[in-house]
Amino acid sequence: MSYDSPLTLLSLAVATAVTAVGVFLVGHLGSRVKVLAVAGVLMGLGVAAMHYIGMAAMRVHGRMHYDTATVALSVLIAPVRVPARRGA
């Protein structure tokens, strides 16, 4: 297995950029629910994008196949965080 370097670097850039924007939003606009929601969704979608860009960068012998429904579900749940229970 090997990796496509430009795609791997793009994956890194996407992860870095969405994290920077999310932290910037919360740092400058505060931790109000709307700000946290926007930053969280942006970062979650960015992590999903980073993951699939990184997967596209993989060079393997053979073929990889993605199930569209599974990919769509993974992208939809990426920005969702279930609050932890107190005392857990």
Side-chain angles (χ1 to χ4, degrees):
M1 183 172 79
S2 63
Y3 292 92
D4 178 297
S5 294
L7 277 179
T8 302
L9 292 173
L10 177 61
S11 175
L12 172 65
V14 167
T16 303
V18 297
T19 300
V21 171
V23 170
F24 175 83
L25 288 174
V26 174
H28 287 280
L29 299 178
S31 59
R32 295 186 312 271
V33 172
K34 282 185 181 181
V35 175
L36 289 173
V38 169
V41 168
L42 175 69
M43 291 177 71
L45 293 174
V47 167
M50 175 270 311
H51 173 76
Y52 285 107
I53 293 168
M55 293 292 288
M58 292 173 46
R59 298 296 175 243
V60 296
H61 296 289
R63 293 178 9 161
M64 289 195 309
H65 171 74
Y66 294 101
D67 177 66
T68 305
T70 303
V71 170
L73 182 61
S74 75
V75 171
L76 286 174
I77 65 171
V80 176
R81 179 187 173 276
V82 178
R85 293 189 341 232
R86 289 181 189 216

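- Legend: residues meeting side chain to side chain donor-acceptor pair (under 3.5 Å) with R59, ordered by chain and number and at least two apart, are D4.
- Judged as a side chain to side chain donor-acceptor pair (under 3.5 Å), and not counting sequence neighbours, Y66 has no contacts.
- Tracing side-chain contacts under 4.5 Å through hydrophobic residues (I, L, V, M, F, W, Y), one never reaches Y52 starting from L73; they form parts of separate clusters.
- Connectivity analysis of hydrophobic side chains (ILVMFWY, heavy atoms under 4.5 Å, direct or indirect) links V23 to nothing; its cluster partners are none.
- When all heavy atoms are compared, the tightest approach of L7 to A56 is CD1-O, 3.8 Å.
- When the side chains of ILVMFWY residues are joined at heavy-atom separations under 4.5 Å, either directly or via intervening members, L29 and F24 end up in two distinct hydrophobic clusters.
- A distance of 10.5 Å separates CZ in R32 from CG in L25, rounded to the nearest 0.5 Å.
- When all heavy atoms of M64 and M55 are compared, the closest pair comes out as CE-O, 3.6 Å.
- Every residue two or more places apart in sequence or in another chain that forms a side chain to side chain donor-acceptor pair (under 3.5 Å) with T70 is listed here: D67.
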N/O donor to acceptor pairs below 3.5 angstrom from side-chain atoms of residues 34-42, sequence neighbours left out:
none

Side-chain atoms of residues 10-19: list all donor-acceptor pairs with protein atoms under 3.5 Å, sequence neighbours left out, distances to 0.1 Å.
{"from": "S11", "atom 1": "OG", "to": "M50", "atom 2": "O", "distance (Å)": "2.9"}
{"from": "T16", "atom 1": "OG1", "to": "L12", "atom 2": "O", "distance (Å)": "2.9"}
{"from": "T19", "atom 1": "OG1", "to": "A15", "atom 2": "O", "distance (Å)": "2.8"}

